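Beneath this line is the structure, given in structure tokens, with notes to follow.
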Amino acid sequence: MTSDILEELQDNIHSRVFQSLTTYIDRAGRRLTSLSATPDLPSSLAHSLASVPAACLVTGVNMPDRDATFDSLVGLLRASITPHVARLQSKECSTLRAAMYRMISQLIGGGGWASLEDEEEEVMVAGPKVKRRQCTMAVLSVWYKEQVSTGEEDSGYTRSPTKATHSPRKTPYLSSPRKKPFPGSPVKRALPGSPSKSDRDPKGFEGSPRKKIKSSIISQLPKRSSKPPLVVVLEDLESFHPRVLSDLVLICSEYRQTVPIVLVFGVATTPDKVHQSLSHNASACLAMEVFRAEPSTQYLTRIIEKVLMSNKLPFHLGGRPFKLLLDIFLYNDLSVENFIKGLKVCMLEHFIGHASSFLCCPAAKRPARLRSITSSQLDSVRKLPSFRTFVEAAPPKEQAALLLDHSHTKEVIVSLLDKLEVWYARFCVLVKVVSALTNRLPGAPMGRQVREVLAVCLSQPLVETEEYKEVEKGIRNMAREELCTILQNVLDVLKEHHGDDEVLSEMLNEVSLLVGRLSSLDQAQEEEEASADGGAVTLEPSDRFRLREKLIEMAKKKPKKSGKYESLRSEVVQFFSDTFTSHLQCPTSQPLHEILFFHSRVVKRQLVGLPRPALTTALANPHHYLQCKCCELEDPSSLVTSLPDISVAYKLHLECGRLINLYDWLQAFVSVVGQEDEDEESSASSKKIDQKLQARFVLAVSELQFLGFIKPTKRKTDHVARLTWGAY
């Protein structure tokens, strides 16, 4: 269930920009093919034909999920526009020759328009194997002309592969007179880059959410042209060499009359980067249109609303793990894929670590599971702290039934879990209400996103937080028009989500009354009454000290009366405070919250790496990771000759101060790892050190320097500086 929801969201997040992009590519391809079919062109049309259509897809700076985005884009282009799509990456196109080879080999070897019989529908025919010396635009032009002519004759691109794909007379540029025209024979397997069954038949996109979304986009496009364009996708434009990119654009522009190529640039920064990477001549040959993909933060917001704030998934996150996953996303990688993996880790930890998690399932399956559980499993539910608190608050007769009567306990558990799900649905709606109420306040004390409000409400009661006190102050200083706008936003949220909940329906009616009362107030009349009651003070302009004293006296004798708007504004603040106090408590206040909510933060060890503690543990006690008897130590500070060289050098460097003498360090290292059977007299008389031991020492010191424990210093030539402190 979770995988289907996430897959549907993954395709929905870019469906709008993909639809605009495919429409632009289809329109540009039809325009190019129609212009190239006209032999005599006016000068204006000839100039328009010389410009290469280019779509600039801005994906964002930090988007680790861009590979999945381009996979979806290429699959959609092959299914709806053309089967000939080349996907280029900068690491494979360091030179122009390599870029041309990658582009032309993918376009020609993509399978063309040929398809097999119905019984072999899943097996695709391989295109011709193109050699590097054959990858030229002239070859591509001849190949495209033959493909188009064959496609027109075959009415729907259903032709035999032996007639068009492997005919030596129709491919003079790709064949040799002494050899077979194509070394590669038809291979009954799907090739990378070849169109799949779904690419050939849009009606096959039925079933999964991804297929439904692709079919919806395809249905809005015109019928595929008999002369489809050739699409070249450059994923990471910033990483391409400027000269290679400029030459590629100029070459495509020279062959526009015979080969309709449409470029797609994947840009992470800004569209200006395209013109900065290209020369002036190449930039003038582009007719570019910009498309912007939604950032990963909006994708995360949709996942939180559709998965975590929905009863479609019985598992929910508590305050600590949700805050942890949110911090990792916002401050580390901005990767939605990693956020989903962290959510799955939390689910595994919840189902493995809690004995009562077998009840974390859809509501329809709970009665059957409760009927089949054992007494020990039922006791594990009774031992939950929230259930014990619920039993202690019940009457004495109810307490005895809950502790002794199994059937009654099971009925109560089902009822409590159903109430918990209803409460959480109301909780999520109120979180959205708080977000609509506070996101337009100056400074945004609760944040401007729903996820920030959710993190606060899952951790502690909202009304007791300092952020909500700032919200109350902001509302009390708000003008009538601004307050009406905010209440209208709250009203829209309640109308959309109130459903059959009595609490939300009552809240909807109360907010509607407040909006009506605010709209009927006459602000000008209230200001006139307040000014009339205040009286006028007439003093000379120079007598400011007497003015100050008289104003103080008037303030003491006659305090200012609050107007109707001020009293109504205070009533609004009090209404929301009472509602949030009653219905927006944190999940830990509900019975049996341990079954559906995961509160532990033990997953931090799996999600957040701690490289330094792990590294120091590995160097000080290698047995912890190697699990070998030779490295086993009784005392962590002891030294044995069987330890790895880097571990010995690390322990010796801990005994030194800020500067370490390399010669003394070497002598200590040799004394530990040197040969034990060496005579003491010969070792004392020998002034030379074994070169093997010296090489091992140099290697260990280099590894410690690479790991960041030491660094060279200019204070003394034969010393190194120590960078870390602390024992084992």
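It should be emphasised that the depicted structure is a prediction, and the values quoted were computed from it without experimental measurement.
Between the CG atom of L504 and the NE2 atom of H497 there is a distance of 10.5 Å, given to the nearest 0.5 Å. Rounded to the nearest 0.5 angstrom, L437 CG and N489 CG are separated by 9.5 Å. Rounding to the nearest 0.5 angstrom, the gap separating the OH atom in Y468 from the CE atom in M446 is 9.0 Å. One distance of note links CG of L441 with NZ of K473; it measures 13.5 Å at 0.5 Å rounding. The line from CD1 of I303 to NZ of K306 is 12.0 Å long, rounded to the nearest 0.5 Å. To the nearest 0.5 Å, the span separating CG on L518 from NZ on K564 amounts to 13.0 Å.
Taking the side chain as every heavy atom from C-beta outward, T579 and E510 never approach each other to under 4.5 Å. A heavy-atom distance below 4.5 Å is not found between the side chains of I328 and N338. Put simply, the side chain of I475 does not reach to within 4.5 Å of the side chain of F576, judged on heavy atoms. M309 has its side chain within reach of I304: a pair of non-hydrogen atoms, C-beta onward, lies under 4.5 Å apart. Looking only at side-chain heavy atoms (C-beta outward), L568 and L514 come within less than 4.5 Å of each other. Inter-residue side-chain proximity for H583 and M507 is flagged as unmet; no heavy-atom pair is nearer than 4.5 Å. Between L325 and V603, the closest side-chain pair of non-hydrogen atoms is not below 4.5 Å. Put simply, the side chain of Y565 reaches to within 4.5 Å of the side chain of R569, judged on heavy atoms.
In terms of modelled atom types and a separation under 3.5 Å, the side chain of S380 and the main chain of Q377 share a donor-acceptor contact. A donor-acceptor contact shorter than 3.5 Å is absent between the side chain of S415 and the backbone of E411. Between the side chain of R476 and the backbone N or O of S570, no donor-acceptor pair lies under 3.5 Å. In this structure a side-chain-to-backbone donor-acceptor pair under 3.5 Å is present from Q399 to A394. The backbone N or O of E235 lies less than 3.5 Å from no partner atom in the side chain of R87, so there is not a single donor-acceptor pair. Panel note: side chain S372, backbone A368; a donor-acceptor pair is recorded below 3.5 Å. In this structure, Q627 contributes its side chain and H624 its backbone to a donor-acceptor pair below 3.5 Å. With hydrogens and angles ignored, the 3.5 Å screen pairs no side-chain donor or acceptor of S296 with any backbone N or O of V336. The backbone N or O of H350 sits nowhere less than 3.5 Å from a side-chain atom of H354 that would complete a donor-acceptor pair. Within the 3.5 Å criterion, the main-chain N or O of E481 finds a donor-acceptor partner in the side chain of T485.
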Listed pairs under 3.5 Å, donor-acceptor, residues 590-597 side chains, sequence neighbours left out:
from	atom 1	to	atom 2	distance (Å)
H593	ND1	H599	NE2	3.0
E594	OE1	S386	OG	2.5
E594	OE2	S386	N	3.3
E594	OE2	S386	OG	3.3

Please set out all donor-acceptor pairs under 3.5 angstrom arising from side-chain atoms of residues 452-464, sequence neighbours excluded.
from	atom 1	to	atom 2	distance (Å)
E452	OE1	R448	N	3.0
S459	OG	A455	O	2.9

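The minimum heavy-atom distance linking I25 with V264 is given by the pair CD1-CG2, 3.8 Å. Closest non-hydrogen pair, R371 versus K410, comes out as O-NZ, 4.0 Å. The nearest pair of heavy atoms linking A55 to F291 is CB-CE1, 3.8 Å. The two atoms that bring C56 and V267 nearest to each other are SG-CG2, 3.5 Å, heavy atoms only. Scanning both residues, I486 and A436, for their nearest heavy atoms gives CG2-O, 3.9 Å. Closest of all the heavy-atom pairs between Y424 and L308 is OH-O, 2.6 Å.
For K341 and E337, the salt-bridge test passes: some basic side-chain N is under 4.0 Å from an acidic carboxylate O. Remark: K383 does not engage D379 in a salt bridge, criterion side-chain N to carboxylate O under 4.0 Å. In this structure, E496 does not pair ionically with K432, as no charged nitrogen and carboxylate oxygen lie closer than 4.0 Å.
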key: side-chain contact (heavy atoms from CB on, under 4.5 Å) between L330 and R451, intermediate numbers included   = CA-CA 11 Å; L330 294 175; R451 59 174 180 266; 4.1 Å; yes
inquiry  = Working note: L430 + F427, criterion side-chain contact (heavy atoms from CB on, under 4.5 Å); need CA distance, chi angles, decisive distance, verdict.
reply    = CA-CA 5 Å; L430 291 178; F427 175 87; 5.9 Å; no
request  = Start with the C-alpha gap between F387 and L416, add the side-chain angles, then the distance that decides, and say whether side-chain contact (heavy atoms from CB on, under 4.5 Å) holds.
outcome  = CA-CA 10 Å; F387 188 78; L416 289 177; 4.2 Å; yes
Derivation of the side-chain contact (heavy atoms from CB on, under 4.5 Å) call for E470 and T465 = CA-CA 9 Å; E470 295 293 330; T465 60; over 6 Å; no
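In this structure, F329 and F339 have perpendicular ring planes: the angle between them is above 60°, well past the 30° mark.
Residue E502 places its CD atom among 12 or fewer non-hydrogen atoms of other residues, nucleotides or ligands, all under 6.0 Å distant. Around CZ of R382, the count of heavy atoms belonging to other residues, nucleotides or ligands within 6.0 Å exceeds 12.
Q488 meets the side-chain contact (heavy atoms from CB on, under 4.5 Å) test with L491, D492, V515; sequence neighbours excluded.
Residues S600 and E349 bring no donor and acceptor atom of their side chains to less than 3.5 Å of each other.
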